[in-house]
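Okay, so here's the structure we're looking at.
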Amino acid sequence: MRGPNLFYVSLETPSLIPRPVEATRGDGVFLLRAPLLLAAPSEWWDVAETFACDLAISLDGDVVNVEPSRAAITMTHGADLIDGAFDMRIDSAGIQILAGDASGAAYALVALRQLAPVSSWRATPSTSDIAIPCWHIVDHPRFAWRGVHLDVARHFFSVEDVCRFIDHAAQHRLNYVHLHLNDDQGWRVEVPSFPRLTEVGAFRTSSPVGRVEDASDDGIPHEGFYTSDDLAQLREHARRRAVTVVPEIDLPGHALAVLAAYPEYGNTPTVRSVGTRWGISHHVLNVAPNTLDFAEAVVCAVADYFPGSPVHIGGDECPTTEWEASEQARGIMQLNGFTHARQLQGLYTDRLTRALEQRGHRVVAWDEVLDADVPTSTIIAAWRHSLFGTEAVRRGHDVIMAPMEFTYFDWPNSESADEPMALLPPPFATTWQKVYGFRVIPDDVPHHAAHHVIGTQAQLWTEYIASRDHLDYMAFPRLSAFAEVAWGTSGDLSEFGQRLAKHAERLAALGINFRPLDAAAATSD
Ligand code: ACM
């Protein structure tokens, strides 16, 4: 559903984030009590119950599945509603929710909780009834892809931490959590047919201290990977929260951890250890047929943990110096009629895209893959600049706009010298205000092709983020601002600021170590 959004038809503004398309205040309140009596279509039950439980916890009660005639909250399919959309009427007799799908039902319950007192965002019982003001809210997302990425390669995050991250994404109506599962500094997912990927690749001896240009080594080993059981747990946790996990295996660059495990897939025999410095390595996979076989086998094995999910195949920052120096690579260029080494990367993009599509996955890749021929079915994640997204749209691709200037939350939260060390030093900064000003569809995307911009995504690269608290600090409140941009209802900054101040109380109730909204930075994490 596209086109101009209708905004409030009421003078009073509910303090919802994202801002709803339409909200009308009714009279009175509805009193929610335990047990929370819920009626929902059976195929939505798992998701609806999960979100209803969040409310029931503060009532110290359970969620009970009842007939609509007995329910406090009744959910039904809304015939004309798209995925994620809902139409919720709260009146003093009960709550009626029409939704397009389970995610729409979930988002209605998130909105309901936002209308309730902040205490309902705590994980502890606080009251015997919750008074919810009567509203009629009609809402739908503008963009189908509302993603957030987490780099678990540079610093590994436990299953518990990732589940918590998924919870916070879901509470902001983000529907894709993209896990960057490998990089030069670590391989983080079990692949039984290639055990050395984790035996060797999941461990590094040291990490840099300080920014890349002046870093010394901490000498502290860092390791971790997800087993198949861990991934099943993550996938199920996400499913119950209307979130899809998108695994990324980043090849053929960012491959030091792979090459430490299986040096035969490299261009030189010299790589023997997992990376311990940040930055871009010139050591990449070679382009021999058996290496492409390896890449396909590994990526498909990881994809198999996530049936039906989109799969990200990386493709960023792959220097061609080793290929240019390689007789074998030059022979393969000749065989394919390539005139530039950059075209060799297309062998990976093409092979992996086709293999994954055959298994029922859509494929996402970073925008550098456009330097070679690439199937138009590949979704392009435009990270360097939205211009690359525009170029991809022009070439017929679907695009996720993720330009670093607005969506890279590894940039500092402000220009203050007191911000914790981040990827870039001040004056580089991405404040929540700047994030809020991000427009997903740039002006140079022609109107008739704008549907190719399927959404947007925020990135949390973790070279300089090693703890859950610091992850919170870098993610919030920027992710709250981003959520409204991705939903498609961002508008006036100062009005948003008022809602964000209220929302910050919810973030605090959730135990999120968010960055303060004012200009002052925390002096440490
Ligand atoms: C990237 O930031 N290298 C995708």
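When a ligand or atom number is given, it counts from 1 through the structure's own listing order. All values below come from the heavy atoms of this structure, side chains included, with hydrogens, waters and symmetry mates left out. None of these values were measured; they are calculated from a predicted model. Quick note: residue numbers are just sequence positions, from 1.
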Checklist entry - Between Tyr262 and Phe194, what is the ring plane arrangement, given parallel below 30°, perpendicular above 60°, and tilted in between? => result perpendicular

Item to check | Reference residue Val302; test side-chain contact (heavy atoms from CB on, under 4.5 Å); the match among Ile249, Val311, Leu197 | outcome: Ile249

Checklist entry - Does the side chain of Glu190 come within less than 4.5 Å of Tyr305's, by heavy atoms? => result yes

Item to check | Pairs flagged by side chain to side chain donor-acceptor pair (under 3.5 Å) wherever residues 438-450 is involved - sequence neighbours left out | outcome: Thr390-Asp444, Arg439-Asp443

Item to check | With Asp83 via side chain to side chain donor-acceptor pair (under 3.5 Å) - residues at least two apart | outcome: none

Can I get a per-line list of side-chain donor-acceptor pairs under 3.5 Å for residues 327-336, giving both atom names and the distance, sequence neighbours left out?
from: Arg330; atom 1: NH1; to: Glu324; atom 2: O; distance (Å): 2.9
from: Asn336; atom 1: ND2; to: Ile332; atom 2: O; distance (Å): 2.8

Close N/O pairs between ligand 1 and protein, under 3.5 Å:
from: ligand 1; atom 1: 2 (O); to: Tyr408; atom 2: OH; distance (Å): 2.6
from: ligand 1; atom 1: 3 (N); to: Asp316; atom 2: OD2; distance (Å): 2.6
from: ligand 1; atom 1: 3 (N); to: Glu317; atom 2: OE1; distance (Å): 3.2

